[in-house]
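What you see is a predicted model; the values in this text were computed from it and never measured.
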Amino acid sequence: MDIAKTYLPKQAEDKWYKYWLEHNFFRSVPDEREPYTIVIPPPNVTGVLHMGHMLNNTIQDVLIRRARMKGKNACWVPGTDHASIATEAKVVAMLKERGINKKDLSRDEFLAYALEWKDKYGGIILEQLKKLGASCDWERTKFTMDEDMSESVIDYFVHLHKKGWIYRGVRMVNWDPQGKTAVSDEEVIRKEVNQKLYYIKYEVVSTNVQKETNHVANPTEYLTIATTRPETIMADAAICINPNDERYTHLHGRQVYIPLINRMIPVILDEYVTMDFGTGCLKVTPAHDLNDYELGQKHKLQIIDILNDDATLNEKAQILIGEDRFIARKKIAVLLEEAGALDKMEDYTSQIGFSERTNAAIEPKLSMQWFCKMKELAGPALDYVLNGEVKLIPEKFINTYRHWMENVRDWNISRQLWWGQQIPAYYLPNGEFVVAKTKEEALVEAQAIDPKFTLSDLTQEEDVLDTWFSSGLWPISVFDGVRNPDNAEINYYYPTNDLVTAPEILFFWVARMIMSGYELRGQKPFNNVYLTGIVRDKLGRKMSKSLGNSPDPLDLIDQYGADGVRVGMLLCSPAGNDLMFDEKYCKQGSGFANKIWNAFKLIKGWQVDPNLVSNNQVAINWFESRFNQALIDIESDFAQYRLSEALMATYKLVWDDFCAWYLEMIKPVYQQGVEKQSIDEPTYRATIAFFENILKVLHPFMPFLTEELWHDELFGQREDLDCCIVAQLPTNGKVNTQLKTELEVIQQIITQVRNIRSSKGLSPNMALPLAVKVTSKIDYEKKYWPIIKQLGNISQLTEVNGAVNGANNFIIGTDEFFITLNLNVDVAAEIERFEKEEDYLIGFLRSVQAKLSNERFIANAKSEIVENELKKKADAEARLEMVRANLRGLRDE
RNA sequence: GGGAGUUUAGCUCAGCUGGUUCAGAGCAUCUGCCUUACAAGCAGAGGGUCACUGGUUCGAACCCAGUAACUCCCA
């Protein structure tokens with residue numbers, strides 16, 4: 001068989017993903033094993049994969065695969081949410097293209113179109129996740145509007161209503177005039193916008209007395225206000241000035257006319273007004289501004305709403321009826337100008353809210369909405385996090401979480417849409433309403449009020465529930481734990497283990513899951529919340545469609561292989577910090593895959609010769625020990641969710657320890673004309689065992705490559721179900737610290753020898769003799785000779801008692817090494833080198849001595865630190881003596 | 001305006017309870033090598049006033065205070 005020169009990911013990826021599916025490796029059903037559960041943060045059903053998903057799902061897959069390989073019953077539940085606003089907007093747009101107006105459709109007709117649309121385009125994202133290698137239990141795929149999921153939502157609503165935590169109320173909401181729905185504060189994106197500040201003159205109403213006595217002498221009086229929204233003056237209820245503002249004392253108790261419509265409104269006093277902003281006169285428009293609304297409540301002002309749901313002006317505006325708010329703004333400026341009421345215009349920038357879903361400018365609007373009380377729910381949800389039952393990783397998010405939970409406001413859960421769960425509230429002819437799971441049950445409730453009511457008297461609330469209201473139940477509802485709280489699945493899988501999500505939805509998703517978990521089950525929904533950062537480009541900009549700075553994830557997979565991209569994502573993703581994504585990380589990932597592939601190729605080229613005797617036992621023991629150490633480190637990294645460090649530890653284990661050192665130590669010397677290189681049996685067996693273990697450790701990060709190699713005949717015959725994906729991770733054995741330290745010395749010798757070769761311009765092929773003056777206990781001659789010989793290309797090793805004349809030398813630890821070259825030693829350069837070292841050692845000793853002669857150091861420092869200082873001193877002195885001996889020798893020449 | 005976070009090599013980040021002359025990793029850079037697994041490679045090298053200013057301490061990248069810059073959240 002001819003092995004490709006580089007790793008080719010494509011075939012391997014398709015082949016093994018299919019194989020895993022066919023053999024049900026992703027499937028989880030409750031059994032006697034310990035469960036390990038992750039529920040996916042459901043992406044929008046209409047969404048497509050972006051870099052944020054790539055990161056998020058790579059992390060989840062690494063965690064789930066690792067759990068599987070640790071013998072846990074690993075269950076990763078996939079799914080999507082219905083994203084009511086975004087999806088409805090898309091469906092409306094699609095209908096428009098077909099010439100259909102939503103207004104002309106019944107609710108059921110519209111939902112039929114929406115479902116059709118969802119079936120056609122929905123769930124693409126889940127297919128994309130498969131390309132990444134996501135090992136979700138696809139049989140469990142859920143959608144927040146599945147029948148059982150919707151029923152759970154309705155049940156929860158009824159439950160909360162029974163507790164008295166759901167109510168209706170008029171509130172100022174963030175109105176999206178395009179989506180024609182309220183959106184939550186969190187769904188509003190604030191942006192700086194250049195606007196105009198209009199200075200408008202209001203005529204002050206003269207008093208009767210003044211009118212009669214001074215009619216002619218007293219000219220008309222005006223006050224001027226500054227506003228960015230002149231089109232709302234018709235909704236003004238008052239003008240407000242600061243009572244301390246001396247400029248306007250004469251206006252106290254007066255009234256003014258609104259220009260153009262000449263409606264009379266009072267001048268009111270409130271310290272809320274900033275005197276040095278604009279003119280110090282504030283127009284108060286309670287229906288169209290949150291702060292004005294509150295001011296209006298305080299001063300019992302009239303509320304005049306002049307806007308329709310689509311932000312056109314209604315008949316209450318009296319003028320410009322039917323015009324859009326922005327067009328009205330331009331037109332009214334002209335009208336004011338003509339009426340002489342426009343004093344001036346200034347440029348002004350301010351923050352304006354835009355709908356995250358439709359990008360329309362948010363209009364503050366008073367409307368009747370459904371609310372869920374948050375105080376009672378937030379308390380326990382905060383406690384879970386504060387007492388550490390739910391761990392946030394990294395911990396820095398606890399502060400933010402607490403701040404939000406302590407200042408939580410009631411949650412507006414209604415949306416003026418059709419795509420979603422219709423609120424199960426039924427209005428009665430008398431204006432009251434009842435809440436029940438079904439219309440029939442609602443009738444029973446209604447008849448308790450008045451037995452004469454019939455089904456036809458009940459009208460269901462038109463609004464649907466916020467999507468977060470469904471996804472807030474996700475960890476419970478995917479296991480049917482709302483409807484059947486005691487079923488086997490929920491009891492087995494809940495609470496789930498880890499949740500991987502973005503910090504920006506900590507509140508409206510994570511917090512709400514914790515709330516519902518407590519409320520419905522008295523249990524947290526997950527143990528750990530791993531918060532990933534935002535994927536930015538290498539310039540630190542958020543990746544966005546409009547900037548076009550986001551690579552297409554599938555293109556990346558195409559180019560670098562899924563394994564390469566997974567490694568690339570993880571290499572640059574410290575927990576909780578934003579990551580500056582750069583394609584070069586994917587390149588590094590695919591380079592790593594190639595390195596592993598080539599190590600495999602090397603081993604494949606060997607063949608056991610039973611007659612050969614192994615002299616690699618030290619190398620084998622060393623790597624085994626090194627491997628065990630790496631397992632410990634990697635486990636510790638995972639325990640702390642330091643995934644990129646766990647990956648880097650694995651990367652170095654493979655590249656440095658295994659490839660660069662171990663394989664080079666044991667690699668048979670090439671024999672020409674032989675198809676397969678001969679190797680002794682113990683080394684061959686050990687190496688293959690190491691390689692198989694390495695594949696296991698790598699698997700969570702690079703599932704495809706490892707599975708591909710796992711099935712090679714190199715490892716013998718495999719049963720159908722003997723796959724890397726379900727192999728059990730090796731358990732760590734002993735770490736031999738003496739071997740480790742000694743080999744570090746050997747590595748330094750090799751490096752020095754290479755250095756000398758390289759600095760003298762000698763070929764690596766030229767074998768050199770090495771002499772050593774040993775004072776340590778290291779057995780160079782017997783124990784390490786095979787390694788030194790092979791890696792250093794040393795012809796012979798001799799022990800000497802004194803310096804070797806004319807040799808190049810170096811010191812490692814307390815042992816001195818000599819290489820005799822048939823070249824003149826550059827005495828001056830050598831002297832310089834040793835003088836440099838001497839200086840360093842003198843400085844070092846001085847700093848150590850300074851500590852040791854400091855009484856306060858001796859008195860205060862821990863004894864092991866003092867001892868360590870003494871040892872440092874002794875070592876440095878011994879070394880300094882050697883260096884000086886060398887210098888003496890050199891200077892004598 | 002209120003709150004939180006960040007600042008260590010050209011880039012992305014480690015650095016635990018203050019204690020090795022402690023400043024580290026990967027990438028990038030430079031030099032030399034097409035050495036029969038890998039040029040997507042090998043061997044070697046350079047690179048930092050740990051943002052700044054003070055303080056605490058025998059000892060500070062680490063603790064404290066202040067300053068600056070950047071980021072995020074809320075109003």
Side-chain angles (χ1 to χ4, degrees), chain A residues 3 5-7 185-186 190 274 290-291 351 394 396-404 407 409 503-504 506-507 533-534 536 538 540 542 560 564 571-574 576-582 584-585 587-606 636-637 640 642 644-645 647-649 651-652 655-656 659-660 663-664 667 669-672 674 677 750-759 761 763-766 793 840-848 850-862 864-866 868-869 871-873 875-876:
Chain A
I3 307 169
K5 198 170 175 185
T6 52
Y7 170 56
D185 290 346
E186 290 83 1
R190 286 169 196 287
T274 317
L290 182 58
N291 296 313
Q351 296 260 320
K396 67 176 179 183
F397 287 105
I398 294 174
N399 278 339
T400 331
Y401 181 83
R402 175 169 50 203
H403 188 255
W404 192 78
N407 298 289
R409 280 171 299 172
E504 62 252 46
L506 188 55
F507 312 130
I534 297 165
R536 298 173 179 279
K538 61 182 168 185
K542 230 174 174 168
Y560 301 103
L571 278 175
C572 59
S573 61
N577 282 338
D578 288 358
L579 58 105
M580 310 298 161
F581 180 78
D582 190 333
K584 74 178 188 190
Y585 292 110
K587 200 174 159 215
Q588 194 181 345
S590 65
F592 186 39
N594 193 48
K595 185 73 187 175
I596 298 159
W597 179 259
N598 275 289
F600 162 76
K601 249 178 73 184
L602 175 68
I603 299 169
K604 274 293 269 186
W606 298 339
S636 146
D637 287 336
Q640 297 169 79
R642 298 164 157 232
S644 50
E645 292 192 36
L647 172 60
M648 189 43 72
Y651 183 92
K652 286 196 266 194
W655 202 304
D656 299 343
C659 293
L663 288 180
E664 294 297 335
K667 180 161 104 175
V669 178
Y670 183 77
Q671 288 174 283
Q672 208 147 20
V674 181
Q677 304 301 316
I750 309 296
T751 301
Q752 288 287 4
V753 171
R754 284 171 177 168
N755 231 331
I756 287 173
R757 260 211 192 82
S758 149
S759 65
S763 158
N765 293 328
M766 187 173 142
N793 194 13
Y840 167 86
L841 285 167
I842 290 168
F844 180 80
L845 274 170
R846 193 178 296 136
S847 84
V848 173
K851 280 187 202 174
L852 288 171
S853 56
N854 184 332
E855 279 168 35
R856 297 214 276 184
F857 172 74
I858 303 292
N860 293 327
K862 277 178 275 181
E864 61 260 34
I865 285 162
V866 177
N868 196 20
E869 292 298 315
K871 184 174 183 298
K872 271 158 62 180
K873 187 183 170 202
D875 287 351

(request) Name the orientation class of the two ring planes belonging to A/W404 and A/F507 (parallel below 30°, tilted from 30 to 60°, perpendicular beyond 60°). (result) parallel

(message) Rounding to an integer number of Å, can you tell me how far A/I756 CD1 sits from B/A43 P?
(response) 17 Å

(request) Give the nucleotide from the list B/A14, B/U21, B/G26 with an atom nearest to the side chain of A/F844. (result) B/U21

(request) Whole angstrom is fine here: how far is it from NZ in A/K587 over to C1' in B/G41? (result) 13 Å

(request) Rounded off to whole Å, could you give me the NZ-to-P distance for the A/K396 and B/A4 pair? (result) 14 Å

(request) Spell out, as yes or no, whether a donor-acceptor pair under 3.5 Å connects the side chain of A/N407 to the backbone of A/H403. (result) yes

(message) Without decimals, in angstroms, what is the distance between A/F581 CZ and B/G26 P?
(response) 21 Å

(message) Counting runs of three or more consecutive pairs, Watson-Crick or G-U wobble, with each distance below 3.5 Å, where are the stems of RNA chain B?
(response) B:1-7 with B:68-74, B:10-13 with B:24-27, B:29-33 with B:41-45, B:51-55 with B:63-67

(request) Specify the closest pair of heavy atoms between A/V848 and A/E869, including all atoms of both residues, with the distance to one decimal. (result) CG1-O, 3.5 Å

(request) Find the distance A/N793:CG to B/A43:P and express it as a whole number of Å. (result) 15 Å

(request) Name all residues meeting the side chain to side chain donor-acceptor pair (under 3.5 Å) criterion together with A/E664; count only those two or more places apart in sequence or in a different chain, and write none if there are none. (result) A/K667

(request) With P as the reference atom in both, quote the distance from B/G3 to B/A65 in angstrom, rounded to an integer. (result) 15 Å

(request) Identify, with sequence neighbours excluded, every residue that meets salt bridge (charged side-chain N to carboxylate O under 4.0 Å, His left out) alongside A/E645. (result) A/R642

(message) Rounded to the nearest 0.5 Å, what separates atom CD1 in A/I596 from atom CH2 in A/W655?
(response) 9.0 Å

(message) Between P on B/C27 and OH on A/Y585, what's the gap in Å once rounded to a whole number?
(response) 11 Å

(request) Considering only atom P, compute the distance from B/G24 to B/C34 and round it to an integer number of Å. (result) 32 Å

(request) With C1' as the reference atom in both, quote the distance from B/C13 to B/U17 in angstrom, rounded to an integer. (result) 23 Å

(request) For B/C64 versus B/A25, give the span between their P atoms, rounded off to a whole number of Å. (result) 28 Å

(message) Test of understanding: with side chain to side chain donor-acceptor pair (under 3.5 Å), list the residues that count as partners of A/D656, not counting sequence neighbours.
(response) none

(request) Using the ring-ring contact (aromatic ring centres under 6.0 Å, His included) rule, pick out the option among A/F600, A/W597, A/F592 that qualifies with A/Y7. (result) A/W597

(request) Please measure how far the P atom in B/G48 lies from the corresponding atom in B/A23, and state the result in whole Å. (result) 12 Å

(request) For A/R757 and A/M766, work out which heavy atoms get closest and say how close. (result) NH2-O, 2.7 Å

(request) Measure the distance from CG on A/N399 to C1' on B/A4 and round it to the nearest whole Å. (result) 7 Å

(message) If you assign A/T400 and A/V848 each to the RNA chain B nucleotide with the nearest heavy atom, which residue ends up on the more 5' nucleotide?
(response) A/T400

(request) Hey, which sits more toward the 5' end of RNA chain B by its nearest nucleotide, A/I842 or A/Q640? (result) A/Q640

(message) If I pick the P atom on B/C16 and the same atom on B/U6, what distance separates them, to the nearest angstrom?
(response) 13 Å

(request) Under the side chain to side chain donor-acceptor pair (under 3.5 Å) rule, collect the residues that match up with A/T751, sequence neighbours excluded. (result) none

(request) Summarise protein proximity over nucleotides 30-39 of chain B in one line of letters, 5' to 3': B for base, S for sugar-phosphate only, - for none, counting protein heavy atoms closer than 4.0 Å. (result) ------BBBS

(message) Taking 4.0 Å as the cut-off, does a side-chain nitrogen or oxygen of A/T751 come that near to OP1 or OP2 on B/G44?
(response) yes

(message) Work out how far the C1' atom of B/A40 is from that of B/C50, and round it to whole angstrom.
(response) 34 Å

(message) If we ignore hydrogens and angles and just use 3.5 Å, is the side chain of A/Q588 paired with the main-chain N or O of A/K584 as donor and acceptor?
(response) no

(message) When you measure from the side-chain N and O atoms of A/N407 to the phosphate of B/C74, is any distance below 4.0 Å, counting only OP1 and OP2?
(response) no

(message) Any side-chain N or O of A/Y651 below 4.0 angstrom from OP1/OP2 of B/C27?
(response) yes

Check: protein-nucleotides 63-65 of chain B nitrogen or oxygen pairs below 3.5 Å:
none

(request) Ignoring backbone atoms, establish whether A/R642 has a side-chain N or O less than 4.0 Å from OP1 or OP2 of B/G15. (result) yes

(request) Output all residues satisfying ring pair (Phe, Tyr, Trp, His ring centres under 6.0 Å) with A/W606, sequence neighbours left out; order by chain, then residue number. (result) none

(request) Would you give the length of the straight line joining atom OG1 of A/T6 to atom NZ of A/K601, rounded to the nearest 0.5 angstrom? (result) 8.0 Å

(request) Please report, rounded to the nearest Å, how far the P atom of B/C74 is from the CH2 atom of A/W404. (result) 10 Å

(message) My understanding is that only residues two or more places apart in sequence, or in another chain, count here; which of them pass ring pair (Phe, Tyr, Trp, His ring centres under 6.0 Å) with A/Y560?
(response) none

(request) Can you see which heavy atom on A/Q677 is nearest to which on A/Q671, and at what distance? (result) OE1-N, 2.8 Å

Heteroatom pairs (N/O) under 3.5 angstrom, protein to nucleotides 56-59 of chain B:
| unit_1 | atom_1 | unit_2 | atom_2 | d |
| --- | --- | --- | --- | --- |
| B/C58 | OP1 | A/R856 | NH1 | 3.4 |
| B/C58 | O2' | A/N854 | ND2 | 2.9 |

Protein and nucleotides 23-25 of chain B: nitrogen or oxygen contacts under 3.5 angstrom:
| unit_1 | atom_1 | unit_2 | atom_2 | d |
| --- | --- | --- | --- | --- |
| B/A25 | O2' | A/K652 | NZ | 2.9 |

(message) With the 90 degree cut-off around zero defining syn, does B/U17 come out syn or anti?
(response) anti

(message) To the closest 0.5 Å, what do you measure between OG (A/S644) and OH (A/Y585)?
(response) 10.5 Å

(request) Using the C1' atoms only, state how far B/U67 lies from B/A9, rounded to an integer number of Å. (result) 25 Å

(request) Name all residues meeting the side chain to side chain donor-acceptor pair (under 3.5 Å) criterion together with A/K873; count only those two or more places apart in sequence or in a different chain, and write none if there are none. (result) A/Q849

(request) Supply the atom-to-atom distance A/L571 CG to A/L647 CG, rounded to the nearest 0.5 angstrom. (result) 5.0 Å

